[in-house]
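These notes are about the structure you will find just below.
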Amino acid sequence: MEIFDKKSIEEIRALLQNAQKIVITAHLNPDGDALGSSLALYNFFKYGADCKVILPNNIPDTFKWMPGCNEILIYNEENAHFVTEADVIFILDFNTSARVDKMQKILEESAAVKIMIDHHPQPQEGLCKYVFSDPEAAATCELLYLFFDSCKYTINKDSATCLFTGLTTDTGCFQFNCTSQRTFEVASKLAAMPIDRAEIIHHIYDSYSEGRMRLQGYVLSNKMVVFEQYHTAYIALTKAEADKFDYRVGDTEGFVNLPLSIEHVKFSAFFMERDGIIRCSFRSKGDFKVNIIAEKFFNGGGHDNAAGGKSYKPLEEVVNRFVSLLPRITKKIQDK
Ligand SMILES: [Mn+2]
């Protein structure tokens with residue numbers, strides 16, 4: 001199946017040639033793929049049209065080195081007019097308008113031509129004129145590379161650096177199930193460009209604060225609960241615990257994956273108090289689908305092996321509910 005059909009690409013090329021004002025946006029609590037895709041596109045447009053990256057909230061320190069990151073606007077009343085006045089809006093790495101939080105209404109109401117490039121299943125209908133969605137893609141950055149390629153746009157080193165970052169983070173350094181032959185093909189094209197891969201990996205993985213490392217140690221030794229019979233493990237972290245380790249946004253990124261390194265654990269969950277709500281993350285190995293669980297029980301959704309949700313109930317209650325669900329929802333992975 002052709003994701004980027006010729007007709008749409010021709011139309012978009014013409015559209016972008018005349019566009020005066022372009023806005024790029026991505027989901028709340030942006031990760032490497034959200035920032036990678038946004039900034040890859042931004043660095044491509046930078047010297048042409050008036051282009052702004054506007055995100056619903058803060059950027060984790062881990063990614064502040066990315067080219068163009070300093071120019072990102074965090075959405076507020078003063079910059080809202082850019083969304084309203086835009087000719088074209090790119091919607092990257094998310095597929096329902098609720099994922100931009102406070103920006104939702106203004107994004108929906110903007111008369112701009114909206115273009116979605118994303119890899120989450122079941123894109124919202126009626127939000128975008130052009131929807132390029134492929135849940136098989138490992139990262140939005142993988143799709144964005146294919147978009148540039150379809151448009152016959154030549155990208156610069158900065159865009160390639162950003163694409164490689166998103167590809168790296170969303171695949172857990174090319175190890176998650178979602179990593180496909182095509183992912184490696186895109187990575188290989190990017191690697192052929194003059195990007196500094198060692199530097200990118202260093203920025204992502206060797207730039208933790210001391211507090212984050214100690215928090216990870218604490219979480220693994222004191223907070224990880226393993227249910228052997230359900231092949232499941234979870235970690236629940238209170239705000240007070242995180243604050244003891246000088247918690248900064250992004251510090252718990254990847255914690256949900258840690259229990260999956262245990263041989264028999266196939267399903268992992270991470271719960272954390274943040275901004276007055278409980279954020280829930282789910283990961284799995286193999287064909288155990290966590291997006292269904294996130295959707296059904298935790299007001300969320302996502303990919304087969306990586307999903308998230310939220311709850312307004314107290315942390316303890318959320319965790320108790322999760323544990324009580326385990327006998328039923330892990331049927332598929334329980335030992336027979
Ligand atoms: Mn992504």
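In each ligand, atom 1 is the first atom listed, and ligand 1 is the first ligand listed. When reading the values below, keep in mind they use all heavy atoms of this one structure, side chains included, and skip hydrogens, waters and symmetry mates.
Other residues, nucleotides and ligands place more than 12 heavy atoms under 6.0 Å from the CD atom of Gln175. Heavy atoms of other residues, nucleotides or ligands lying less than 6.0 angstrom from CG of Asp101 number more than 12.
Salt bridge status for Glu10 with Lys6: absent, with no side-chain N to carboxylate O gap under 4.0 Å.
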Where do Arg214 and Glu210 land on the salt bridge (charged side-chain N to carboxylate O under 4.0 Å, His left out) test, with the steps shown first?
CA-CA 6 Å; Arg214 294 196 186 280; Glu210 184 181 336; 2.9 Å; yes
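Rounding to 10 degrees gives 100° for the angle at the Mn ion (ligand 1) between NE2 of His119 and OD2 of Asp33. Considering the Mn ion (ligand 1) as centre, the angle to OD2 of Asp170 and to OD1 of Asp93 is 170° (10° rounding).
Among the backbone and side-chain atoms of His120, none of the N, O or S atoms lies under 2.8 Å from the Mn ion (ligand 1).
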